Each structure stands twice: as structure tokens, then as C-alpha cells.
Amino acid sequence: MSKDKSVEEGIVEKLINKSENLSRWYSEVIRMAKLADYTPVKGCMVIRPYGYAIWENIRERLDEKFKETGHANAYFPLLIPESFLAKEAEHVQGFAPEVAWVTHGGKEKLEERLAIRPTSESIICHMYSKWIRSHRDLPVLINQWCNVLRWEMVTRPFLRTTEFLWQEGHTAHATKEEAEEEALQMLRIYCDFIQDELAIPVIIGGKSEREKFAGALRTYTLEALMCDGRALQAGTSHNLGQNFAKAFDITFQDERGERRYVWQTSWGISTRLIGAVILTHGDDAGLIIPPNIAPIQVIIIPIWQTKTRTLVRERTEHLLKLLKKKFRIEADLREEYTPGWKFNEYEMRGVPLRIEIGPKDIEKEQVILVRRDTREEKPIKESELKVEVEQILQNIQTNLFKKAKKFREENTHEVRGLDEFEEILRTKRGFLIAGWCGKTECENHIREKTVATIRCIPLAPERRGGNCINCGERGELVYFAQAY
RNA sequence: CGGGGUGUGGCGCAGCUUGGUUAGCGCGCUUGCUUUGGGAGCAAGAGGUCGGAGGUUCAAAUCCUCUCACCCCGACCA
């Protein structure tokens, strides 16, 4: 918030413009909209009821899709013995810098340190090795919703916190093909979910060797472009191959009685998605939450005078009752705030649709609908309200997606030379499509020179083939970007 | 982890350079009355050991040392 302006106008609780200072806008809007708050512990935020309701909606809708595809929820412990974590070499190495340790129980020093889970592969694999004996035990399709802890240098609410909430799926299969199919299936589920429910367009594809999950055979990713032109990983799905099976000795007897290692996957999304929603859809007035996950989809603001209060209140309560079964709807009947104040408040908090009702509307048997994304206002007859609200919410949902997609398209550049590559990164950022030969040394070189990394090797490229932007050798077209 | 910045009632800040009475201001909050179609008005109130610890001094929000947190810009990660 600019100091001079606030002093002049005598307004303080006014949000900074999104375009003026994105970082500041981001933290202010989170605080002002009561999504989350800071705590005395670095990197550990409180997710407040309004923010948590978004998470609950995300969880509910995704959980349903997991169940539809045969997965069951379970819960594994928070603490993991050090020796478990150490079993898969690449895995430990990958996570070592960000693991927090429990060293004491009360006053007793522990014989073996316990890691606070940064992810649960190791403890889950340990259990799988006990549970899996026969091909008849397969596949194992388990998911858990939990918290994990990663000791981060730099933290930001939702986008990178020390503790965060997520979901991690862990599956074991008899064949390589089945595991690969599972990893891809979950990638598609995430993709549909993020695009349809969160209205965020994503590019799906594989990670390079350098960027893949520590211990995985292959990592698939969903990459979204944020409004500052940087890429955010919105979810991942790993084909773990037999790496963990070998480290944890997870074997089964096949139909011919032969002992074989299982093939595994793991996949996850986190509360980071809420950060992606905030950055993708918000504007100068505050949040815009896609209707499908909005805690409040519709807010009714009554407009009354002393003489008309009872009348308007009755109409409001009637409307509320009428729409409550179908929508997540609330009415703000507080008398101590003016309608104008409430308009701003609910816009800031990202409620997709507002219904205004006052004496003039009651006379005409109508209400005023105002949508958050376009601010378009229109009077609607009460008899058509239910249908209209549903249509507008749906329209907002698709409009948000279209807008975000348009932004992504405008900020995706195909480049041929490193100079052009650098120039675009320096000025406008965004996704850069360029050829890459597949060698890590070229990847590293590009990264050192330009700060961009390979975000994604697309599964469905528009065109195949391209010469490596670094060495010129024949390769594939991949997405580069500066990462969050 | 490097470079820069900020910590003063709930929020945003002033005061600090040049130590000196009861630490101010705006918003918010409480109570009352009047208001209410885009952030209402008046009146009366409540709320602060100045991020923390040490030091200098007759005297510290102010000077010094250390520390913690947060923000911004970079290197690593969902």
C-alpha cells in the first residue's frame, strides 16, 4: 500500500494494486481476506476457516475422483526412523537438506533419530513389504491426506510453507505397464481437476532427469503459468519403477510362483494449489475464487433504509432459503456496515456472485446480480433467479479458465536462439518453448545462463523435434520457465 | 544461504538523525443516536513494558552489541 495515498485518502485497509507489486498484493490479500495468517513459527501459517474451506472443497472433489478409480484412504505415521529414509540412496540425498528431526522423547535422547515426514514413501514402502505376498494382493491403491514438513529457506503462505497439507497416493502393481498407466491416469485426474475446478490451465508432461523426484524412474508434472510469468508446479505423479521395491524388499509371487519386485507410483497435490488460485485469478480488487471451490458462491447484500428494513430483511431471508439447497450462499444482514462497504469486502474476498436486493427491486419483483469477474450487473426476475444463478456461476467458472488460458498463450513464446531466450526472460518471462537435446549438461548451462529451468517435456507437443537451443543437436521441444 | 529493507495498541504509520515530562496520528474496535443503491456522520470510550536480550547513561522507542521475525531481490525445493 502506498503510504502517501493512504494518508491522503484516509483509507488504510485498501488493497495494493496487483500489478503494482505482486508479492505485496499476494500477502496482503491473504491477510485481508482472512485466508491465512502468520504464526510465531517461521514458515508455519494458520489456514483460517475461509482458506480452509477452499481446501476442504478441493479435498472433497479430488477424493471423490480417487475413490472412483479404486483408491482407498489410510493414515501412516508422522515420524519415520532415520534408517528407513536412508534405504533408497537417491531419495535420502534428495530430501536430506530439508528434513526436520526428532532427537528427544521427553528428556531421553532417542537411540535413532526420527524424521518428521517430508513425504511418506519410505514408511509406506516398509509396510507394503509386510503386506504384499502374492499377485493376488496387487494392486495396492492407497492414498493419504496429511501434513508434511520440509525445512525451507524462503517461505510464502500457501506457495511454500514449512509445514503443508497435501495428499499423497502410493500404489504398488504387478507390472511395469500397470504402474506407468497408473501414474498417467493420476496425472490426467489432476489435470482435469485443476482445469475444471480451479480454472487453471496446465501443461502436462515429464520432468527432466535433473528435475525429477528423488528416487523416481520418471516424474510427470503439471505446470501452470502465474501472472508474473513464472511457472508453478501444480502437482506431480511419479512412476517409481522398482527403485523403492528393491530398497525395501517389496516382492510378490506371480502366477507361476516366481518372486518379483512390485512396480510403484506416488502422486500428490498440496495446499500450494490455493496459492495458484490466488495468483491466477485475483485482480486489483482482491481475490476471485472459482465458483466450484468457492466457500461462498453467492452473497446477498440487502439494501435498506430505516423504514424498509423489515421488508428487505424478510425478502433476503426468503431468497436465502430459496437458494440454500442449491448453492453455497450467505446473506450479510449486519446493520453496522453500509452496502458499499460490503460490496468491497466480498469482492476482496473473491465471492463470485453478489445479489443486491433493495426496496426498488422488491417493487419490481427482481434482484440485481453482479458477477465478480467482469463486474457486470444485471436485474433478474425472482422467478428466474435459480436458473440464472446457476448459469452465471458456470459462466464465471469457464470465463476464468478462458482468461487464464489466454494469458498463458500470450505469454508462451517459441524461441530459436539463446539470445532471444535470455531477452524474453529478462523482459516478460513466461513459458519458453525451445529445443533440447536431452543432455543434463545443456540443461545446466541454460539454467546458469538464464535462470530458467526445464519445467516440462510435454506429453502432447504441438510439433515434434527441434534443435537444442544450447548445442544445436537434434532434440525435442520442451517448456522452459523461471520457476516459483 | 548471500544482498537490501522493516519491526512502535488489531492494521497502516509518525517520532529515532541531535536521548529529556503523561509516546502521537489515521483506520479499525466498544457504547449511544442518526444513517444505509459503491468503503456513512456525530459524541463518548477502551487499547502500547516501542520485536527480544544485553550494554552505555542521571535518563533509551531514540545510541551500541547480539538475537529473532517478517518483507523485497537472488541461489535450492511441492
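Worth saying up front: this structure is predicted, and the values here are computed from it rather than measured. A, B, ... follow the sequence lines: proteins, then strands. Residue 1 opens every chain.
In this structure, A:Glu388 does not pair ionically with A:Lys381, as no charged nitrogen and carboxylate oxygen lie closer than 4.0 Å. Checked for salt-bridge contact, A:Lys378 and A:Glu376 miss the test: no charged N lies under 4.0 Å from a carboxylate O. For A:Arg372 and A:Asp283, the salt-bridge test passes: some basic side-chain N is under 4.0 Å from an acidic carboxylate O. A salt bridge links A:Glu223 with A:Lys207: the closest approach of a Lys/Arg side-chain nitrogen to an acidic carboxylate oxygen falls below 4.0 angstrom.
Nearest heavy atoms, A:Trp263 versus A:Ala179: CB-CB, 3.7 Å. When all heavy atoms are compared, the tightest approach of A:Ala214 to A:His91 is O-ND1, 3.1 Å.
A close approach under 4.0 Å does occur between a side-chain nitrogen or oxygen of A:Ser23 and OP1 or OP2 of B:C72. Close to B:A78, at under 4.0 Å from its OP1 or OP2, lies no side-chain N or O of A:Thr236. An OP1 or OP2 oxygen of B:A78 is reached within less than 4.0 angstrom by no side-chain nitrogen or oxygen of A:Ser270.
Residue contacts shown for A:Arg354 include a base, since a base heavy atom lies under 4.0 Å away. Backbone-only contact: A:Gly43 has heavy atoms under 4.0 Å from sugar-phosphate atoms and none from a base. Nucleic acid contact for A:Val451: sugar-phosphate only, since backbone atoms but no base atoms lie under 4.0 Å from a heavy atom of the residue. Across all strands, A:Pro359 comes closer than 4.0 Å to base atoms (heavy-atom distances).
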Where do N or O atoms of nucleotides 29-33 of chain B meet protein N or O atoms at under 3.5 Å, pair by pair?
unit_1	atom_1	unit_2	atom_2	d
B:C29	OP1	A:Tyr337	OH	2.7

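Using C1' as the reference atom, B:U18 and B:U22 are 23 Å apart when rounded to the nearest Å. Taking atom C1' in both B:A14 and B:G26, the straight-line distance is 11 Å, to the nearest Å. Taking atom P in both B:C63 and B:U17, the straight-line distance is 5 Å, to the nearest Å.
Within 3.5 Å, no donor on the side chain of A:Arg375 pairs with an acceptor on the base of B:G38, nor the reverse.
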For RNA chain B, the dot-bracket pattern of Watson-Crick and G-U pairs whose distances stay under 3.5 Å, | for other-strand partners: ((((((((.[[[[.)....(...]]]].((((((.....)))))).....[[[[[..)....]]]]])))))))....
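At most 12 non-hydrogen atoms from other residues, nucleotides or ligands lie less than 6.0 angstrom from CH2 of A:Trp151.
Between A:Glu347 and A:Arg210, the one whose closest nucleotide on RNA chain B sits nearer the 5' end is A:Glu347.
One side chain, A:Thr308 or A:Gln305, offers a donor N or O that lies under 3.5 Å from an acceptor on the other.
Between A:Phe164 and A:Trp166, the angle of the ring planes goes over 60°, which puts this pair in the perpendicular group of the 30/60° scheme.
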